[in-house]
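Data first, discussion second: the structure below is written as structure tokens.
For clarity, every value in this text was computed on a predicted model and none was experimentally measured.
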Amino acid sequence: ITSTRSPEILAECLVSSLESYRKDEQALALCLRVVWEAFNEVDFDSTIFVAFNGCAAILNAMQNFQSSVELQELGCRAVGVLAASERNRTNLVRSGVCAMLANALAQYRWDKNLARSALIPLRIFSTELEARCEIQEMGVSRTTAKVMLSHPSVASIQCDGCAILSNLA
């Protein structure tokens, strides 16, 4: 998919697909997986996806399928890869992704894969002043501690959880 090296075309197609198939769980899962895989590549500019209103498309997918662990996890992964670019963070925070991440983490804290996928972007956002206040108000510290207690032998959860708790202290 990324062999075309055209992030504009890919971003436009993905956002359009996320919007067109908003009631199709399998299609949304495929789109979110492609977002995560494509923009996880170092040389693929994720700011273009964000500029095409990709944040709203991801949030809508997660909102429409709150009972799907798979879609919640893929949405968290997609947000995580977009949050890796500092240029995306303000737009992501303002779009409401912190609340969606916090809700997914609280609802599915027992799921190891979702917990890892949600903690990564929350760790990133916990370093941003604008997001930090929002995250603190949502009780992410408490949820993070519960997740850490639920998964004591998962190093990535412990590491990201400690970073979040430290950043929010």
Side-chain angles (χ1 to χ4, degrees), residues 1-22 27-65 71-106 113-138 140-141 143-144 156-157 159-169:
I1 285 178
T2 59
S3 64
T4 63
R5 297 290 170 218
S6 179
E8 294 86 3
I9 293 171
L10 181 61
E12 187 174 2
C13 288
L14 286 169
V15 172
S16 176
S17 295
L18 284 165
E19 291 170 351
S20 297
Y21 296 103
R22 65 182 166 272
L28 291 174
L30 175 64
C31 291
L32 291 173
R33 197 172 283 110
V34 171
V35 169
W36 176 68
E37 290 174 359
F39 296 108
N40 203 20
E41 291 189 18
V42 176
D43 60 341
F44 225 67
D45 186 5
S46 64
T47 59
I48 293 164
F49 181 79
V50 174
F52 274 102
N53 208 19
C55 303
I58 292 170
L59 290 174
N60 286 335
M62 292 177 74
Q63 185 78 33
N64 289 339
F65 290 94
L71 267 176
Q72 296 301 306
E73 178 190 343
L74 290 169
C76 291
R77 283 184 182 192
V79 170
V81 77
L82 297 174
S85 172
E86 192 173 344
R87 297 181 299 171
N88 288 334
R89 292 182 194 153
T90 299
N91 288 333
L92 288 167
V93 169
R94 290 181 181 163
S95 73
V97 298
C98 292
M100 193 58 71
L101 292 166
N103 290 338
L105 185 63
N113 293 327
L114 185 134
R116 286 194 304 221
S117 299
L119 289 174
I120 291 168
L122 284 169
R123 176 182 42 82
I124 293 168
F125 291 130
S126 71
T127 65
E128 302 288 322
L129 182 61
E130 187 174 346
R132 192 178 311 135
C133 296
E134 184 180 342
I135 291 170
Q136 286 172 325
E137 290 173 9
M138 287 182 247
V140 169
S141 294
T143 303
T144 299
S156 61
I157 289 175
C159 181
D160 288 334
C162 285
I164 290 167
L165 295 175
S166 175
N167 292 338
L168 297 179

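Between Glu130 and Arg89, no side-chain nitrogen of the basic residue sits less than 4.0 Å from a carboxylate oxygen of the acidic one, so the salt-bridge criterion is not met. Salt bridge status for Glu37 with Arg33: absent, with no side-chain N to carboxylate O gap under 4.0 Å.
Judged by distance alone, the side chain of Ser166 and the main-chain N or O of Cys162 form no donor-acceptor pair under 3.5 Å. A donor-acceptor pair under 3.5 Å links the side-chain atoms of Ser117 to the main chain of Asn113, judged by distance alone. Gln136 contributes a side-chain N or O that, together with a main-chain N or O of Leu168, makes up a donor-acceptor pair within less than 3.5 Å. Within the 3.5 Å criterion, the main-chain N or O of Met62 finds a donor-acceptor partner in the side chain of Gln72.
From Asn167, atom CG reaches atom CG of Leu122 across 11.0 Å, with rounding to the nearest 0.5 Å. With values rounded to the nearest 0.5 angstrom, Ile124 atom CD1 is found 10.5 Å from Glu86 atom CD. One distance of note links OH of Tyr21 with CG of Leu30; it measures 10.0 Å at 0.5 Å rounding. A distance of 7.5 Å separates CZ in Phe125 from CD1 in Ile135, rounded to the nearest 0.5 Å. Interatomic distance, OG of Ser126 versus CG of Leu165, reported as 9.0 Å (0.5 Å rounding). Atoms SG and CE, on Cys55 and Met100 in that order, are 12.0 Å from each other to the nearest 0.5 Å.
Side-chain atoms of Ile164 and Ser141, non-hydrogen and from C-beta on, never get closer than 4.5 Å to each other. Side-chain contact between Leu59 and Ser95 is present, with at least one heavy-atom pair separated by less than 4.5 Å. Annotation: side chain of Leu28 is not in contact with side chain of Asn60 (no heavy-atom distance under 4.5 Å). Side-chain atoms of Trp36 and Leu74, non-hydrogen and from C-beta on, never get closer than 4.5 Å to each other. Side-chain atoms of Ser85 and Asn88, non-hydrogen and from C-beta on, do get closer than 4.5 Å to each other.
Considering every non-hydrogen atom in both Ala115 and Leu105, the closest pair reads CA-CD1, 3.8 Å. Minimum interatomic distance between Cys31 and Leu14 (heavy atoms only, all atoms of both residues): O-CD2, 3.8 Å. What you find for Ala102 and Val140 is that their closest heavy atoms are CB-CG2, 3.7 Å. Between Val35 and Val81, the shortest heavy-atom contact is O-CG1, 4.1 Å. Here the closest non-hydrogen pair linking Val93 and Cys98 is CG2-SG, 4.3 Å.
Inspection of the Arg94 and Asn91 side chains reveals no N or O donor paired with an N or O acceptor under 3.5 Å.
Counting heavy atoms of neighbouring residues, nucleotides and ligands inside a 6.0 Å radius, atom CZ of Arg22 does not exceed 12 of them. The neighbour count for Glu134 CD, taken as heavy atoms of other residues, nucleotides or ligands under 6.0 Å away, is above 12.
Of the candidates Leu82, Leu101, Leu92, Asp160, Pro121 forms a side-chain contact (heavy atoms from CB on, under 4.5 Å) with just one, namely Leu101.
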- Step-by-step side-chain contact (heavy atoms from CB on, under 4.5 Å) determination, Asn103 to Gln63: CA-CA 10 Å; Asn103 290 338; Gln63 185 78 33; over 6 Å; no

- Task: Dump the intermediate steps for side-chain contact (heavy atoms from CB on, under 4.5 Å) on Phe52 and Thr47, then the final yes or no.
- Result: CA-CA 9 Å; Phe52 274 102; Thr47 59; over 6 Å; no

- Task: Would you sort out whether Glu73 and Arg77 count as a salt bridge (charged side-chain N to carboxylate O under 4.0 Å, His left out), showing the intermediate values?
- Result: CA-CA 6 Å; Glu73 178 190 343; Arg77 283 184 182 192; 2.9 Å; yes

- Item | Chi angles and distances behind the side-chain contact (heavy atoms from CB on, under 4.5 Å) call for Asn64, Leu71 | CA-CA 10 Å; Asn64 289 339; Leu71 267 176; over 6 Å; no

